Peer 1: 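Below you'll find the structure I mean.
The structure displayed is predicted, hence computed values, not measured ones.
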Amino acid sequence: MSRQRELMEQEITRLQELRDSLSEDWAKARWFALGFPVAIVLGFALGPLWFWLTTLGTAAFLGTSAYLIRVRRNEYDSEIATMRRDLSRVD
């Protein structure tokens with residue numbers, strides 16, 4: 001096996017591990033959804049402004065997290081596909 005082929009296979013493995021780790025990142029980010037019940041409590045305790053600030057902040061954080069994780073997953077999938085295509089061209 002050529003050295004270049006071995007390096008490419010290692011890179012594919014590394015990219016797959018990084019892609020799989022994004023599921024763990026999303027599992028961690030989902031805990032911030034607890035901000036919604038907290039917003040209700042804050043709304044009753046401190047008023048509607050705190051409710052809306054907490055709700056919008058939580059929604060913005062979760063939306064941004066989901067977007068960034070999805071974009072990164074697509075990048076990893078694209079890089080893996082490119083590496084596999086290049087790997088098929090290497091002797």
Side-chain angles (χ1 to χ4, degrees):
M1 186 181 321
S2 72
R3 177 72 176 146
Q4 184 179 10
R5 182 175 192 80
E6 184 179 323
L7 290 174
M8 291 175 84
E9 288 173 353
Q10 288 175 357
E11 180 66 9
I12 290 171
T13 302
R14 185 186 74 84
L15 290 170
Q16 288 172 336
E17 289 171 358
L18 287 172
R19 184 189 62 200
D20 295 341
S21 74
L22 292 174
S23 298
E24 296 169 13
D25 292 342
W26 176 242
K28 291 175 189 173
R30 286 189 311 180
W31 279 99
F32 281 93
L34 292 174
F36 292 119
V38 169
I40 294 170
V41 172
L42 287 176
F44 282 119
L46 301 174
L49 177 64
W50 285 97
F51 168 78
W52 287 111
L53 288 175
T54 307
T55 300
L56 293 175
T58 300
F61 178 80
L62 288 174
T64 302
S65 296
Y67 171 76
L68 292 174
I69 288 170
R70 184 66 185 159
V71 165
R72 198 65 190 145
R73 182 171 305 204
N74 286 341
E75 287 177 3
Y76 288 145
D77 287 339
S78 175
E79 289 178 34
I80 289 169
T82 302
M83 291 296 289
R84 285 186 175 150
R85 189 173 50 247
D86 292 345
L87 185 62
S88 67
R89 293 179 187 153
V90 174
D91 345 310

Peer 1: Sequence neighbours left out, what passes side chain to side chain contact (heavy atoms under 4.5 Å, CB included) with Leu68? Give chain and number order.
Peer 2: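 Checked Leu68 against side chain to side chain contact (heavy atoms under 4.5 Å, CB included); matches are Thr64.
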
Peer 1: Using the side-chain contact (heavy atoms from CB on, under 4.5 Å) rule, take Arg5 and Met8 through it: C-alpha gap first, then chi angles, then the decisive distance, then the call.
Peer 2: CA-CA 5 Å; Arg5 182 175 192 80; Met8 291 175 84; 5.8 Å; no

Peer 1: Hey, what do you get for CZ (Arg84) to CZ (Arg89), rounding to the nearest 0.5 Å?
Peer 2: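 Atom-to-atom, Arg84:CZ and Arg89:CZ are 15.0 Å apart.
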
Peer 1: Could you list the donor-acceptor pairs under 3.5 angstrom formed between side-chain atoms of residues 39-58 and any protein atom two or more places apart in sequence or on another chain?
Peer 2:
from  : atom 1 : to    : atom 2 : distance (Å)
Thr54 : OG1    : Trp50 : O      : 2.8
Thr55 : OG1    : Phe51 : O      : 2.8
Thr58 : OG1    : Thr54 : O      : 2.8

Peer 1: Please test Gln10 against Glu6 for side-chain contact (heavy atoms from CB on, under 4.5 Å), starting from the C-alpha separation and ending with a verdict.
Peer 2: CA-CA 6 Å; Gln10 288 175 357; Glu6 184 179 323; 3.7 Å; yes

Peer 1: For the residue pair Met83 and Leu87, establish whether any side-chain heavy-atom pair is separated by less than 4.5 Å.
Peer 2: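 With C-beta onward as the side chain, the pair stays apart.
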
Peer 1: Around atom CD of Gln4, are there more than 12 heavy atoms of other residues, nucleotides or ligands at under 6.0 Å?
Peer 2: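 Counting other residues, nucleotides and ligands, CD of Gln4 stays at 12 neighbours or fewer.
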
Peer 1: Can I get a per-line list of side-chain donor-acceptor pairs under 3.5 Å for residues 17-35, giving both atom names and the distance, sequence neighbours left out?
Peer 2:
from  : atom 1 : to    : atom 2 : distance (Å)
Arg19 : NH1    : Asp77 : OD1    : 3.0
Ser21 : OG     : Leu18 : O      : 2.7

